[in-house]
Enquirer: 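Have a look at this one before I ask anything.
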Amino acid sequence: MNIDQAKEEVKNAVRAYLEKDDAGQYEIPVERQRPILLMGPPGIGKTAVMEQIAHELGINLVAYTITHHTRQSAIGLPMISEKEFGGKKYSVTEYTMSEIIGAVYEQIEKSGIKEGILFLDEINCVSETLAPTMLQFLQYKTFGSHKLPEGFIIVTAGNPPQYNKSVRDFDIVTLDRVRQINIEEDFEAWKEYAYKAGVHGSIVAYLEIKKDNFYSIKTDTDGRSFVTARGWEDLSRVIKVHEKLGIPVDENLTVQYLQNKDIARDFATYYELYQRFYELYKIPDILEGRFPEDKKAIREGSFDEKLSIIGLLTDKLMDEFKEYSRDQAVQKGLFDIVKECLEITTKPGEWLIQRAKAIRVKIESDLDAGLLGREDERILRLEASALEVCSKTIKETSDLKKWFNDRETLRQNRVKEIGKHLTNSFAFLEQTFGDEQSLSGSQEMVIFLTELSKAYYSLKFVRETGNEAYYEYNKLLLLNDRRQELRDMAEKLVF
């Protein structure tokens with residue numbers, strides 16, 4: 001299965017394990033809650049998926065790469081204590097609390113939440129001395145004499161032997177006590193995540209053209225080379241910062257993240273072309289409805305070039321859809337705060353300052369407890385900044401109402417502008433690639449519409465604000481699919 005399917009399997013397992021009956025006991029007894037074992041190639045996002053699940057379910061996450069640990073840090077250090085047996089006192093060897101178990105209790109203290117996931121990565125690559133301890137943990141949920149607290153679910157991950165020479169095979173006794181999920185790399189599944197995470201458009205467009213370069217691990221006479229999903233995402237982040245600072249993006253940079261010289265060189269070349277396309281076709285002008293005059297040159301260009309243009313449009317729109325979602329969340333948070341302020345005080349300035357400080361304290365507390373995702377953190381920081389600016393400019397409640405209403409007017413105007421950009425994109429594709437023989441328009445239009453229909457933020461925007469062009473072409477696409485389905489059925493009946 002792909003990483004998206006694996007995420008749903010793990011999420012459903014955690015929900016099932018944490019479900020309680022009327023008496024407050026877990027429906028599935030703790031001893032029957034099998035640890036989950038994710039087996040798949042490195043760098044496909046297993047840790048990121050655990051973070052997403054924890055945030056979505058509102059529970060803790062404690063994550064360890066187990067190969068970084070020794071037997072002592074896993075089970076604790078020995079110490080001598082005195083116990084009495086049969087009326088006699090004996091010196092007995094006990095162990096301090098395992099660092100890992102201790103981290104779980106510490107996380108519970110920080111967050112105030114008693115349930116969570118303990119994620120142990122590279123579980124099948126532990127040292128020989130630690131292997132028996134790990135097998136004991138998987139079977140009995142204890143490190144040494146210290147048991148994992150109830151409410152914490154064990155999820156582990158490992159790499160198949162072809163990716164890691166240190167892999168150790170689990171015996172049947174152990175495998176019979178875990179839930180094994182095998183994951184394969186899948187570009188289409190990753191692409192949905194990439195749109196939501198804001199991966200740079202050049203990367204998504206390049207991989208759409210050369211899907212085989214999404215994930216590659218090879219060993220030949222020149223040694224080992226590899227490219228992973230983690231490498232693409234990390235490269236995306238540094239590209240965005242380089243663009244912001246005006247630092248070149250070239251092969252010298254890409255090869256640091258894509259550890260395959262051919263792919264790194266190929267992408268660096270494509271990135272340069274992608275940037276040229278952006279300038280050549282004036283993507284911002286297209287969004288504003290000012291289309292290139294020479295549409296024939298675009299129409300007769302290579303399919304890769306057409307995909308790049310679609311990628312450029314999609315990338316800019318996805319940024320705007322994400323901006324819409326963020327602004328909406330900030331404004332909703334400010335609405336609740338303004339409403340509370342109006343009910344409590346007639347002099348809001350100082351109250352808003354204190355509220356902004358409280359938000360910043362909460363941010364630091366939730367970050368320390370691992371309960372805050374990057375986007376949620378950004379939304380809270382924007383709320384706090386807005387309140388701080390507002391507090392300096394208003395004196396009366398009427399000023400506060402006006403301040404909020406002015407913000408909302410600006411937001412609504414921006415929503416209309418984004419909707420216009422989406423409509424103009426459809427118009428550009430129709431005028432440039434229109435195909436009278438197809439009910440839904442050209443192949444390029446189908447690709448564009450399909451991308452929009454897969455991505456979280458574009459669907460959220462259309463669902464909440466509406467867009468007639470999207471609805472029209474989506475309807476035509478469905479009709480075209482139905483017509484093709486009927487044709488296929490008719491051909492089967494004839495032959």
Side-chain angles (χ1 to χ4, degrees), residues 1-18 28 32-54 56-57 61-67 116-127 130-131 134-139 141 152-194 196-197 207 211-219 224-233 259-260 454:
M1 65 179 68
N2 63 41
I3 193 69
D4 278 351
Q5 294 166 328
K7 175 186 173 181
E8 286 306 305
E9 288 295 318
V10 175
K11 187 175 180 180
N12 289 338
V14 172
R15 290 178 59 201
Y17 286 167
L18 297 181
I28 301 175
R32 294 296 181 187
Q33 295 178 2
R34 289 191 174 198
I36 299 165
L37 173 61
L38 303 175
M39 292 295 291
I44 61 173
K46 296 187 285 288
T47 302
V49 160
M50 292 305 111
E51 293 172 352
Q52 293 166 28
I53 292 172
E56 290 170 13
L57 296 181
L61 174 67
V62 177
Y64 274 91
T65 300
I66 202 62
T67 48
I117 296 170
L118 174 58
F119 178 61
L120 302 178
D121 200 4
E122 299 183 5
I123 189 73
N124 59 342
C125 298
V126 296
S127 64
L130 187 56
M134 293 312 305
L135 296 179
Q136 177 200 28
F137 179 68
L138 290 176
Q139 293 180 21
K141 302 182 182 177
F152 259 76
I153 311 303
I154 301 170
V155 181
T156 65
N159 303 139
Q162 63 265 36
Y163 300 109
N164 195 321
K165 292 186 292 186
S166 303
V167 163
R168 307 173 65 85
D169 290 330
F170 290 125
D171 56 36
I172 293 177
V173 173
T174 301
L175 291 175
D176 193 38
R177 287 173 167 82
V178 301
R179 297 171 58 163
Q180 182 168 333
I181 299 175
N182 295 315
I183 311 173
E184 297 178 350
E185 65 275 10
D186 185 327
F187 169 66
E188 292 300 325
W190 181 82
K191 185 169 67 174
E192 292 183 35
Y193 163 78
K196 193 171 184 180
L207 292 176
K211 293 182 174 65
D212 289 344
N213 289 350
F214 167 60
Y215 198 98
S216 173
I217 296 181
K218 297 178 181 178
T219 302
R224 197 168 44 174
S225 64
F226 60 92
V227 175
T228 69
R230 182 191 295 123
W232 286 115
E233 185 172 3
Q259 314 264 330
N260 178 304
K454 285 181 179 179

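None of these values were measured; they are calculated from a predicted model.
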Enquirer: Hey, are the side chains of E56 and K7 touching, using non-hydrogen atoms and a 4.5 Å cut-off?
Expert: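 Counting from C-beta outward, E56 and K7 do come under 4.5 Å.
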Enquirer: May I ask you to check whether over 12 heavy atoms, not counting those of K454, lie within 6.0 Å of atom NZ?
Expert: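 Yes, because the 6.0 Å sphere around NZ of K454 holds more than 12 heavy atoms from other groups.
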Enquirer: May I ask you to check whether over 12 heavy atoms, not counting those of E184, lie within 6.0 Å of atom CD?
Expert: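 No, CD of E184 has 12 or fewer neighbouring heavy atoms, counting only those of other groups under 6.0 Å.
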Enquirer: Within a strict 4.5 Å, meaning less than it, do heavy atoms of the F119 and T47 side chains meet?
Expert: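 They are in contact (side-chain heavy atoms under 4.5 Å apart), so the answer is yes.
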Enquirer: I'd like to check K46 versus N159 (side-chain heavy atoms, cut-off strictly below 4.5 Å). Are they in contact?
Expert: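 Yes, close enough: below the 4.5 Å cut-off.
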Enquirer: With a 3.5 Å distance limit and no angle check, can you tell me whether Y215 reaches the backbone of F187 through a side-chain donor-acceptor pair?
Expert: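 No, because the side chain of Y215 does not come within donor-acceptor range (under 3.5 Å) of the backbone of F187.
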Enquirer: Could you tell me if the side chain of V10 sits less than 4.5 Å from the side chain of M50, heavy atoms only?
Expert: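 A side-chain contact exists here, since the closest heavy-atom pair is under 4.5 Å.
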Enquirer: Roughly how far, to the nearest 0.5 Å, is CD1 of I117 from CD of E51?
Expert: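 Nearest 0.5 Å value for the CD-CD1 distance: 10.5 Å.
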Enquirer: Can you measure from OG1 (T228) to CD (E185) and round to the nearest 0.5 angstrom?
Expert: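 So the OG1 of T228 and the CD of E185 are separated by 10.5 Å.
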Enquirer: Working to the nearest 0.5 angstrom, can you tell me the gap between N213 CG and W232 CH2?
Expert: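 The CG atom of N213 sits 6.5 Å away from the CH2 atom of W232.
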Enquirer: Quick one: does K211's side chain get under 4.5 Å of E188's, heavy atoms only?
Expert: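 Yes - at least one pair of side-chain heavy atoms lies under 4.5 Å apart.
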Enquirer: Would the distance check show the side chain of E233 and the main-chain N or O of A194 forming a donor-acceptor pair, the cut-off being under 3.5 Å?
Expert: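 No, the answer is negative, given that no donor and acceptor are paired below the 3.5 Å cut-off.
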Enquirer: Give the C-alpha distance, both sets of side-chain angles, the deciding distance and a yes or no for side chain to side chain contact (heavy atoms under 4.5 Å, CB included) between Y193 and I3.
Expert: CA-CA 10 Å; Y193 163 78; I3 193 69; over 6 Å; no
Enquirer: Would a distance-only check, ignoring hydrogens and angles, find a side-chain to backbone donor-acceptor pair under 3.5 Å from T156 to I36?
Expert: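 At least one qualifying donor-acceptor pair exists.
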